[in-house]
> 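Okay, here's the structure, questions in a sec.
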Amino acid sequence: MEESIAENELRVLMIASSRHDADITAKIFKDEGLPYFFCADVPQLCEEVERGCGVAVLSPEVLAHGNGPRLLKLLAEQPAWSDLPIVFVARGNHERLPLLYEYGNVTILQPPLRFITLLSAIRSSMISRRKQYELRDLLVREANSQLLMRQADRRKDELIATIAHELRNPLAPLKNALQLMEMAGDDAQGNANLRSIMARQVEQMIRIVEDLLDVSRIANGRIRVVRSPIDLQDSLRSAIESVRPFIEQSNQTLHLELCDEPIFVNADRARLAQVAANLLNNAAKYTPAGGNIWLTVAQADGKVTLEVRDDGIGIRAEQIGSIFEMFKQHDADSERGKAGLGIGLALVKSLVELHDGSIRVASPGKDLGSTFTVELPTCEPQRSTHSPGTESSGVNAVRSFKVLVVDDTPANRLMLQRLLGAMGHDVAVASDGAEGLELARKLVPEVIFSDIEMPKMGGYQLAKTLRQDKQFENTTLIALTGYSQDKDRQQSLDSGFDDYMTKPIDVRDLRQQFARLSGSTL
Ligand code: ADP
């Protein structure tokens, strides 16, 4: 057990009857290595017991002059774990002796008294006292862990409420947009506007869910970055595009100071874009309408500095220190009511550190804007024979495929069927693994998208069965997973899937899948 008994808690407290007695006793205790303390009287003894006491060694005479009740009160008011040992050294036939047992953990020694007897009484009292202190520590630890559990429980409740609130924010405009579309009928322009609102809200919901999944990946140490030499500004451009609608909607001005030359960093392109998008998004969120946001990139001494600055609501000095902690949000005043889940900056910091970089924040104070600065090491460009000019040459080369979609959720099935149909593929659908297998045997599709958890036969079983059948050796199997944990991905690959896609499926990812299958690039 962890030792947390302080030295003074094992002191022998005494009230010496004479100077001579005190000197002799002190010498013996010193020789025995026993910590001791002489008190002048019972009131001082009571005070010292509060500071810590292994055993009190007293003579019955100290109980005279009304001190008995005082000592009794001290013992009666001990905490539940404590039973203070008292050794009474009674010289002669003391009339109060029978009463002493009322004091609790009492040992009475009578003359002729040898020091060895006194020492053994003190040592055994000390052993019992040590056990009492251990019990105290156990109780304190127990109380602390209960407190922590209650706090964690409260934070969990708050978090669930915040998540629900955050998801409801984009849901409300989505619902209204759908109702408006019903009312608008064939108004093409009106519907196009509503669709773009809906697309933004859906993107926001996806971002919330992705952030939450990333939080769990960070907590499990399973966040992964796939790094290669990339042009930082490429990933910045995609971040800018994703937040531009939000910035425009708030009538804010985005000032870009990028470099003309590419800046190579050894990084995961999507993860860096996530970092930049998060910072830009925050800048827009915490800057009033009509404000300014600056994105600056500068390269020097083997590193690149990326700065996102705004002239928004700023950050108070006392919040700066903890701003990168998970679930830290400002909630002090109403203009900060836009605060979300409080996970974005924690994710940003983890991602930057996974790229061997650092992030810092500065703000002169409330309403004086904020500056987030990311520093990353630069690297040499990768030598490649692949010229960027060929990147989009395959856009039109994607051909039509015979596709089967297996999913037990009707809405998912229908949406994927319509998306794939709209992309020009020939699509059949099945609502569970068994039906999927039957249809696959009949149609021999070139590509099968399959959900994982389904009644009758799940996706893993379906993949395993198809992989044993020679006629599907050229069929590409793609798992549709709701979870984007590495172990789920690994399990789908182990079951025979060629690839996996995380739901909700993005049409850009679908296009890329088919571009790859057609042997072209998008
Ligand atoms: P969220 O924005 O979801 O609350 P973040 O982790 O992204 O969570 O940010 C944590 C907190 O830091 C926010 O609640 C906000 O109060 C503050 N913050 C972040 N960026 C800015 C900024 N550019 N200006 C002012 N405050 C900011």
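Here the structure is a predicted model, which means the values were calculated and not measured. Start at 1 and go down the list; that is how both ligands and their atoms are numbered.
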> Do the side chains of Asp498 and Arg467 get close enough for a salt bridge, i.e. N-O under 4.0 angstrom?
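Yes, this pair counts.
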
> Going by heavy atoms in the side chains, are Leu510 and Leu416 under 4.5 Å from each other?
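They are in side-chain contact.
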
> Need the ligand 1 atom indices (1-based, order shown) with element for anything under 4.0 Å from a heavy-atom of Ser370.
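Heavy-atom distances to Ser370 below 4.0 Å select 22 (C), 24 (N), 25 (C).
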
> Which atoms of ligand 1 have any heavy atom of Gly342 under 4.0 Å away?
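Listed by number with element: 1 (P), 3 (O), 4 (O), 6 (O), 8 (O).
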
> Does ligand 1 have any atom sitting under 4.0 Å from a heavy atom of Gly312?
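Contact check Gly312 vs ligand 1: negative.
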
> May I ask you to check whether Gly344 has an N/O atom sitting below 3.5 Å from an N/O atom of ligand 1?
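Yes, Gly344 has an N/O under 3.5 Å of an N/O on ligand 1.
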
> For ligand 1, which atoms, with element, lie under 4.0 Å from some heavy atom of Ile343?
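In order of numbering, the contacting atoms are 6 (O), 8 (O).
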
> So Val447 and Leu517, do their side chains get closer than 4.5 Å, heavy atoms only?
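Leu517 reaches Val447 side chain to side chain.
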
> Can you confirm whether Val140 sits close enough to Leu138 that some side-chain heavy atom of one is under 4.5 Å from a side-chain heavy atom of the other?
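Contact flag for Val140/Leu138 side chains = no.
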
> Report the member of Phe372, Phe324, Tyr286 with the shortest heavy-atom distance to atom 15 (C) of ligand 1.
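Among Phe372, Phe324, Tyr286, the closest heavy atom to atom 15 (C) of ligand 1 belongs to Tyr286.
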
> Flag Ile315 as yes when one of its N or O atoms lies below 3.5 Å from any N or O atom of ligand 1, and as no otherwise.
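So ligand 1 has no N or O lying under 3.5 Å from an N or O of Ile315.
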
> Among the heavy atoms of Gln319, does any lie under 4.0 Å from an atom of ligand 1?
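The answer is no, since Gln319 has no heavy atom less than 4.0 Å from ligand 1.
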
> Less than 3.5 Å between some nitrogen or oxygen of Ile313 and one of ligand 1, yes or no?
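No: no nitrogen or oxygen of Ile313 is under 3.5 Å from one in ligand 1.
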
> Of the non-hydrogen atoms in Val352 and Ser358, which two are nearest, and what is the gap between them?
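In terms of heavy atoms, the two residues are closest at CG1-N, 3.4 Å.
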
> Just jot down the ligand 1 atoms closer than 4.0 angstrom to any heavy atom of Lys285, in number order.
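Answer, ordered by atom number: 1 (P), 2 (O), 3 (O).
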
> Hey, which atoms in ligand 1 end up nearer than 4.0 Å to a heavy atom of Leu345?
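Near Leu345, meaning under 4.0 Å from one of its heavy atoms, ligand 1 has 5 (P), 6 (O), 7 (O), 9 (O), 10 (C), 12 (O), 19 (C).
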
> Can you tell me if CD on Glu241 sees more than 12 non-hydrogen neighbours from other groups inside 6.0 Å?
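For Glu241, atom CD is crowded (more than 12 foreign heavy atoms under 6.0 Å).
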
> If the threshold is 4.0 Å, N to carboxylate O, is there a salt bridge linking Arg269 and Asp231?
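No, Arg269 and Asp231 are not salt-bridged.
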
> Is it the case that Arg399 places NZ or CZ above or below the six-membered ring of Phe401, under 6.0 angstrom from the centre and within 45 degrees of the axis?
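Yes, Arg399 sits over the ring of Phe401.
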
